[in-house]
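Remember, it's a predicted structure, so these values are computed and weren't measured experimentally. Lettering follows sequence order; numbering is per chain, from 1.
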Amino acid sequence: MGKPRVIYWFRTDLRLHDSPALKAALDLKPECLYPIWTWDPHYVYRARVGPNRWQFLLDCQNDLSASITKLNKKSKLHVIREAPQTLFPKLWKAWKISHLVFEKDTDSYARSRDEEVIALAKKAGVEVIVKTGRTLFDPDELVKQNRGKPTMSMNQVQHAGETLGEPARPIDAPQSLPDPGDTKLDFDQEQPASDPDVNAVQRDQDEKSYASGLAGPKGDFSVPTLEEIGIKNATSPHRGGETRALKGLDEIIKDEDYTATFAKPNTAPTDFEPQSTTLLSPHLHFGSLSCRLFYWRAQDVISKYGSKATQPPTSLTGQLLFRDMYFGAQAALGHTFAQTVGNPNCRFVPWHLPSRVQDSSDRDSAPVTTTNAASGTQERDYQIDSPEAEEYFRRWKHGITGFPWIDALMRQLRHDGWIHHLGRHAVACFLTRGGCYVSWERGASVFEEWLIDHEVACNIGNWQWLSCTAFYAQFYRCYSPVAFPRKWDKEGRFVRKWVPEMADVPEKYVYEPWKAPIQDLKKAGVMLKKGAELGEEEGGSKVYPKPMFDFNDRRQICIDGLKQAYDVGLYGNDPKVLDGSWRKLFPDDAEGPTKGKKGGIGGMIEDDEEATGEEEFDDVQRKGEGEEGSAKKKSENQGGASPKPGRKRKENHGSMEQFVKRSKK
DNA sequence: CATCACGTTGTCTCA
DNA sequence: TTGAGACAACGTGAT
């Protein structure tokens, strides 16, 4: 047997420091090591990724490639433009590969992809080595120690963590890397299907990263550019790469007081330049920073600091434990974690704009939706049960609610791809249980698109938390879009930066301009108009919307709604949720799509007649992001009122019963 | 079975 | 100006 010829497959571990999987690859003492990235059409076309996160990814890849080259002039990150499932068997043969090494992933698409690759490797006689490295603890181990249950509280995480021992100490970056072998590609590229393209809205040109062949336009395995992917220009100042991550970590750790006395609830969501938290989360997502390196560098400072150091859950290390909690919940629940329907852990609330789901036989067997289960969250169709709620949602997304605090945060989110954790609380509460009564799945979908640190497990977990559908239940604690920011930023500096309409409004009214005397507004060069859109001007004045509703009224409606839903007490996997009979448990006039006695899964079917249905659904449906952008290369079977032939709801009576039985197990 | 304390991050009024 | 308590009231886990 010859010496190992190894592919190291980079994924969400775009770093050289503290990579257990990379160490395992090097421990093989390989004859050659190919560092590769498979340019997966799933990511290009099916996962919702906005320009800022694309930029961050490319930053990480370029930085990593340069770091690899520094260790070995012959080596680099080899980006190969094809899906791993089809590429690998050809590649293993061409490069005479003996071992494939990668870091374990936990997201639902990644898990099924990896299973497939592992099976292919077995068939090809390639040995696969998988190491955990994305979290402090292996999420599957964490769940096992939690008696197989999803980790739903910090207590559980810490308890389960104790039995697993301390997180591993970080591993040093390698000092050298073996040469890659011959990189000839003597096989054809499989062109991916670009339809449906959920990222069409993110592009201003055609996607052409596959058009130049497996090794890119120069044949040198280059990292694609935003232009090649056809993605619009990024706007975020926050950039990626391990070099930046390590520098950022150094800055944090250097400040021992900050590191040791960090208390999340005391960090101001209104601070900017600099922000009050570390901004290292996107690096954790892409793996350009190891969470264990972060943990131990912080912990070593904390240990030395003495009794004034903060403790989990509010401390810096506590933040990392929260991340593990969400990964544990995801690991235990699988793909249902990312949605309400079918999720035994998520409370059922009759939110407006509920996700459409396929019938139960689809739901239970294959991915929840064919186009997007992959990304782990939803960008699937949703039911517009209320045009008013749809308008609330649109205004929330684009920062034109008329509540300056909410609008500032949403504009910052869109532009920078990052907002402070408590800012996320504010907008999430506002969209769901503290204002709009819109499904948390709509909000999660927007965060998925825009956040540079979007992590499926954390995003979903936090949306469930804030909407009081899991993890948290004190729905009567509700963030006010006026009182909450005022506590942190009385002068309104943050709002003035992001909502220039408020730039000169007196401090007293900066969070509630509708209360300002007309002459004050005039002096501030702004006028309020019902239903104003972004950037409107009139007679030399900036125009800002009047608040889209009375917050106190809406808060009460929401609290009453939540109380009702808690009383009814259904969870996402309840047969009554799936077959629509949940409606019988709510009065017709309760908030949400509660009218009638029957209805489909998660609100899919709107009235009693349709509930028996064998007809196609042709009622209004729309994608979450459909309303914006010039590059609307709308994929046909995603939206619009023109369902493809054959998009019929499957006959569902028998299969429904079947599901109900299964769900009772 | 009850009771109670607690849970990373609420708001409002009143002294 | 700051701090305490009311508000109306969730689930979990310890006792």
Euclidean distance, atom [atom1] of residue [X] to atom [atom2] of [N] [Å, nearest integer]:
| X | N | atom1 | atom2 | answer |
| --- | --- | --- | --- | --- |
| A/His159 | C/dG13 | NE2 | C1' | 12 Å |
| A/Met152 | C/dT12 | CE | C1' | 12 Å |
| A/Gln556 | C/dC7 | CD | C1' | 11 Å |
| A/Ile559 | C/dC7 | CD1 | C1' | 10 Å |
| A/Arg424 | B/dT8 | CZ | C1' | 15 Å |
| A/Asn345 | C/dG11 | CG | C1' | 12 Å |
| A/Phe348 | C/dC10 | CZ | C1' | 19 Å |

Which residue lies toward the 5' end of DNA chain C, A/Asp567 or A/Gln156, if each is placed at its nearest nucleotide?
A/Asp567
Identify whether any heavy atom of A/Gln311 sits under 4.0 Å from a base atom; if not, whether one sits that close to sugar-phosphate; answer base, sugar-phosphate or nothing.
nothing
Base, sugar-phosphate or nothing for A/Arg347? Non-hydrogen atoms, less than 4.0 Å.
sugar-phosphate
Under 6.0 Å between the ring centres of A/Trp514 and A/Phe403?
yes
A/Lys563 side chain N/O closer than 4.0 Å to the phosphate oxygens (OP1, OP2) of C/dA8?
no
Would you check if there is a donor-acceptor pair between the side chains of A/Asp271 and A/Ser276 at a distance under 3.5 Å?
no
Hey, is the main chain of [Y] close enough, under 3.5 Å, to the side chain of [X] for a donor-acceptor pair?
| X | Y | value |
| --- | --- | --- |
| A/Trp405 | A/Val510 | no |
| A/Arg134 | A/Thr12 | no |
| A/Thr336 | A/Leu333 | yes |
| A/Asp407 | A/Gly402 | yes |

So that I can tick it off, tell me whether A/Glu390 and A/Arg395 are bridged by a salt bridge, with the cut-off set at under 4.0 angstrom between side-chain N and carboxylate O.
no
May I ask you to decide whether A/Arg555 forms a salt bridge with A/Asp560, counting only side-chain N to carboxylate O separations under 4.0 Å?
no
Could you tell me how far [M] sits from [N] if I compare only their [atom1] atoms? Round to whole Å.
| N | M | atom1 | result |
| --- | --- | --- | --- |
| C/dA9 | B/dG7 | C1' | 14 Å |
| C/dA8 | B/dC6 | P | 23 Å |
| C/dG5 | B/dT8 | C1' | 22 Å |
| B/dA5 | C/dA6 | P | 15 Å |

What closest approach, in Å, do A/Asp550 and A/Asp553 show between heavy atoms, and which atom pair accounts for it?
OD1-N, 3.0 Å
Any cation-pi pair here, A/Arg239 with A/Phe56, using under 6.0 Å and within 45°?
no
In B/S/- notation, 5' to 3', how is nucleotides 9-15 of chain B contacted by protein heavy atoms closer than 4.0 Å?
BBSS---
Encoded 5' to 3' (Watson-Crick or G-U under 3.5 Å; [ ] crossing; | other strand), DNA chain C becomes .||||||..||||||
